[in-house]
Protein chains: 2
Amino acid sequence: MKGPRPRAAAAVQSTPELRRPRFRRQLPQQRRAALIAATIECLKRYGHEGLSIRTISAQAGVSVGLINHHFPNKDELVAAAFRHFNRELVDGLRAAAVRADTPAARMRAFLDASFSPPNLDADVLAVWVVFWGLYRHSRPIQRVQRDTYTGYVRLVRGLLADLLSGADDGGKGRGRRGGVNLRLAAIGLTALLDGLWLEWCLEPGKFRPREAVALCESWVDALCRRATAWN
Amino acid sequence: MKGPRPRAAAAVQSTPELRRPRFRRQLPQQRRAALIAATIECLKRYGHEGLSIRTISAQAGVSVGLINHHFPNKDELVAAAFRHFNRELVDGLRAAAVRADTPAARMRAFLDASFSPPNLDADVLAVWVVFWGLYRHSRPIQRVQRDTYTGYVRLVRGLLADLLSGADDGGKGRGRRGGVNLRLAAIGLTALLDGLWLEWCLEPGKFRPREAVALCESWVDALCRRATAWN
DNA sequence: AAACTTGTTGAACGATCGTACAACAAGGCG
DNA sequence: CGCCTTGTTGTACGATCGTTCAACAAGTTT
């Protein structure tokens with residue numbers, strides 16, 4: 001049976017003057033944003049299991065069919081949510097850093113923001129882990145990661161470069177400040193940040209936020225103070 | 001209809017002397033191990049989507065019903081696979097470290113093993129990420145994590161403690177060697193390791209294994225050389 | 001060789017999954 | 001007001017999910 005299907009009779013409203021619209025039409029841009037927000041909220045609440053069309057549409061307060069009207073399929077919705085999630089993080093961290101005056105203060109502000117709400121929240125961090133878990137088998141997620149990760153790395157590298165340019169310039173030239181390989185320094189700091197986030201996600205409370213900041217700062221201090229043996 | 005259901009007639013073998021058994025009975029212990037191995041293999045190949053009863057049983061070459069004969073449900077199978085995965089890693093790293101003579105060599109061997117096959121494999125690392133993504137909403141996974149993570153932390157702390165006891169003992173007593181807070185040092189090194197693994201998982205080839213080892217060693221060197229400002 | 005234990009099979013179940021699509025209706029325009 | 005566009009609904013579909021369980025059979029015991 002592929003023909004037109006019967007439809008449930010609409011409830012008749014006896015008092016038309018009180019009848020409210022059954023739904024509100026919205027601009028695609030707004031609806032897409034709402035669906036993305038609902039996707040992230042479902043991820044926070046239910047983890048990977050929350051990534052179902054029905055769960056997300058219920059969270060957004062819309063019907064199941066609407067998602068495929070605004071997104072070609074579920075994977076693209078999830079990827080859009082990942083893009084939004086990335087952008088929120090990087091924009092927030094950059095905004096926190098840019099408010100400070102000196103390179104050291106900017107790094108400090110960046111680290112403080114990294115280890116305080118809303119970023120340092122176990123639910124939020126678990127969302128990152130789920131996204132990362134999708135990475136290797138989802139082309140759309142890979143695309144978003146490639147697009148947005150460079151922004152994050154550029155931010156970290158910029159902060160490090162400003163900070164290290166104050167140190168004595170042992171080895172100058174391509175990507176080296178104060179005798180330190182800037183590329184490797186950024187990789188290490190990023191790893192430290194991500195690793196501490198992961199530990200907080202798995203065991204929140206094993207360390208205090210200010211301890212995490214201290215760990216990162218002592219890493220950066222070590223970079224500033226001496227040229228390491230990195231090739 | 002809840003009564004007994006009909007069964008497909010078994011294919012009749014015309015030459016009984018060539019007939020082989022349709023399956024081989026195995027000890028529960030062996031079959032469980034095979035199912036756990038199949039689970040991990042499916043995770044490597046298909047990510048989170050590979051965690052289905054049918055995918056796993058096909059990988060193991062058994063029927064769908066067998067899993068629930070050896071495990072109470074899917075979550076417990078996944079948790080058992082997580083436990084095995086953890087044990088393999090920690091045992092392997094410990095075995096690598098214990099072969100060396102000096103504290104510095106043991107740390108070096110530990111780091112070398114951390115950043116070489118089979119551990120430093122994008123598929124293997126992606127399996128970790130999927131497990132971690134399950135953590136917050138799966139009690140069995142949480143239980144395994146609590147059981148096994150202490151072993152890993154103890155290994156890292158032991159390596160660090162041996163290494164730091166050679167440094168000048170600025171502040172002695174509970175958990176402090178060479179003026180360094182051992183607990184925080186272990187947290188930092190663990191975070192660095194996990195973070196580098198995560199980066200390798202997302203972008204293998206962004207750094208070389210020996211660069212990762214160098215990053216970790218310079219972290220440890222910084223610990224040895226000076227008492228940091230960690231509270 | 002018959003009885004027994006139990007590891008193993010595979011069909012069936014109800015639930016839920018992502019997607020498609022015809023019908024409906026909200027809001028703008030003439 | 002009627003027409004039109006299009007955002008929105010909700011049923012239906014086929015596939016797949018985790019789990020159950022009666023039947024089967026491999027291997028051991030009697």
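All of these numbers come straight from a predicted model, not from anything done at the bench.
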Check your understanding: Can you find a heavy atom in the side chain of Ile53(B) that is under 4.5 Å from one in the side chain of Lys74(B)?
Key -> yes

Review point. dG18(D) C1' sits how many Å from Glu76(B) CD, rounded?
Key: 14 Å

Review point. Any idea which of dT8(D), dC17(C), dT19(C) is nearest the Thr55(A) side chain?
Key: dC17(C)

Point to revise | Nucleotide dT19(C), atom P - distance to CG of Asp75(A) in whole Å | key: 7 Å

Practice item. Give the nucleotide from the list dC13(D), dT8(D), dA26(D) with an atom nearest to the side chain of Gln26(A). Key: dT8(D)

Review point. Given atom CZ of Arg25(B) and atom C1' of dC24(D), what is their separation to the nearest angstrom?
Key: 11 Å

Study note, to complete from the structure: Taken to the nearest whole Å, CG/Leu35(B) to C1'/dT8(C) is 12 Å

Review point. For the pair made of CZ in Arg32(B) and P in dG7(C), what is the distance, rounded to whole Å?
Key: 12 Å

Check your understanding: When the distance from CZ of Phe71(A) to C1' of dG18(C) is rounded to whole Å, what number comes out?
Key -> 15 Å

Practice item. Indicate, with a heavy-atom threshold strictly under 4.0 Å, whether Ile56(A) touches base, sugar-phosphate, or nothing. Key: nothing

Check your understanding: Hey, does the side chain of Ser63(A) come within less than 4.0 Å of dT8(D)'s phosphate (OP1/OP2), counting only N and O?
Key -> no

Point to revise | Shortest non-hydrogen separation from Val213(B) to Leu111(B) and the atoms involved | key: CG2-O, 3.8 Å

Practice item. Considering only NZ, NE, NH1 and NH2 on the basic side and carboxylate oxygens on the acidic side, decide whether Arg143(B) and Glu76(B) come within less than 4.0 Å. Key: yes

Study note, to complete from the structure: Taking dC17(D), dT6(C), dT19(C) as options, the one with an atom nearest any side-chain atom of Ser52(B) is dC17(D)

Exercise for review: Using the closest heavy atom to pick a nucleotide of DNA chain D for each, name whichever of Phe23(B) or Gly65(B) lands nearer the 5' end.
Suggested key: Gly65(B)

Practice item. Identify whether any heavy atom of Arg24(B) sits under 4.0 Å from a base atom; if not, whether one sits that close to sugar-phosphate; answer base, sugar-phosphate or nothing. Key: sugar-phosphate

Review point. At under 4.0 Å, does any side-chain N or O of Arg31(B) touch on OP1 or OP2 of dG7(C)?
Key: no

Practice item. Just compare dG27(D), dG18(C), dC17(D) and give me whichever is closest to any side-chain atom of Pro21(B). Key: dG27(D)

Point to revise | Arg22(A) (side chain) and dT9(D) (base): donor-acceptor pair under 3.5 Å | key: no

Review point. Can you check the Leu66(A) CG to dT6(D) P distance for me, whole Å?
Key: 16 Å

Exercise for review: Could you check whether Leu77(A) gets within reach of a base, just the sugar-phosphate, or nothing at all, counting any heavy atom under 4.0 Å?
Suggested key: nothing

Check your understanding: Starting at CD1 of Ile53(A) and ending at P of dG10(D), how long is that distance when rounded to a whole Å?
Key -> 16 Å

Check your understanding: Should His69(A) be listed as having a side-chain N or O under 4.0 Å from OP1 or OP2 of dT8(D)?
Key -> no

Exercise for review: Please check if the distance between the ring centroids of Phe115(A) and Trp200(A) is under 6.0 Å.
Suggested key: no

Check your understanding: So which nucleotide from dG18(D), dT6(D), dT19(C) ends up closest to the side chain of Lys74(A)?
Key -> dT19(C)

Practice item. Would you indicate which nucleotide in dT20(D), dT11(D), dT8(C) comes nearest to any side-chain atom of His70(B)? Key: dT8(C)

Study note, to complete from the structure: Winner on side-chain proximity to Pro28(B), out of dG18(D), dA11(C), dG7(C), is dG7(C)

**Study point:** Closest non-hydrogen atom pair, Cys216(B) against Leu196(B)
**Key:** SG-CD1, 3.9 Å

Exercise for review: Measure from the side-chain heavy atoms of Val62(B) and tell me the nearest of dT9(C), dT8(C), dT19(D).
Suggested key: dT9(C)

Check your understanding: Taking NZ, NE, NH1 and NH2 as the nitrogens, is one of them in Glu199(A) or Lys206(A) under 4.0 Å from a carboxylate oxygen of the other?
Key -> no

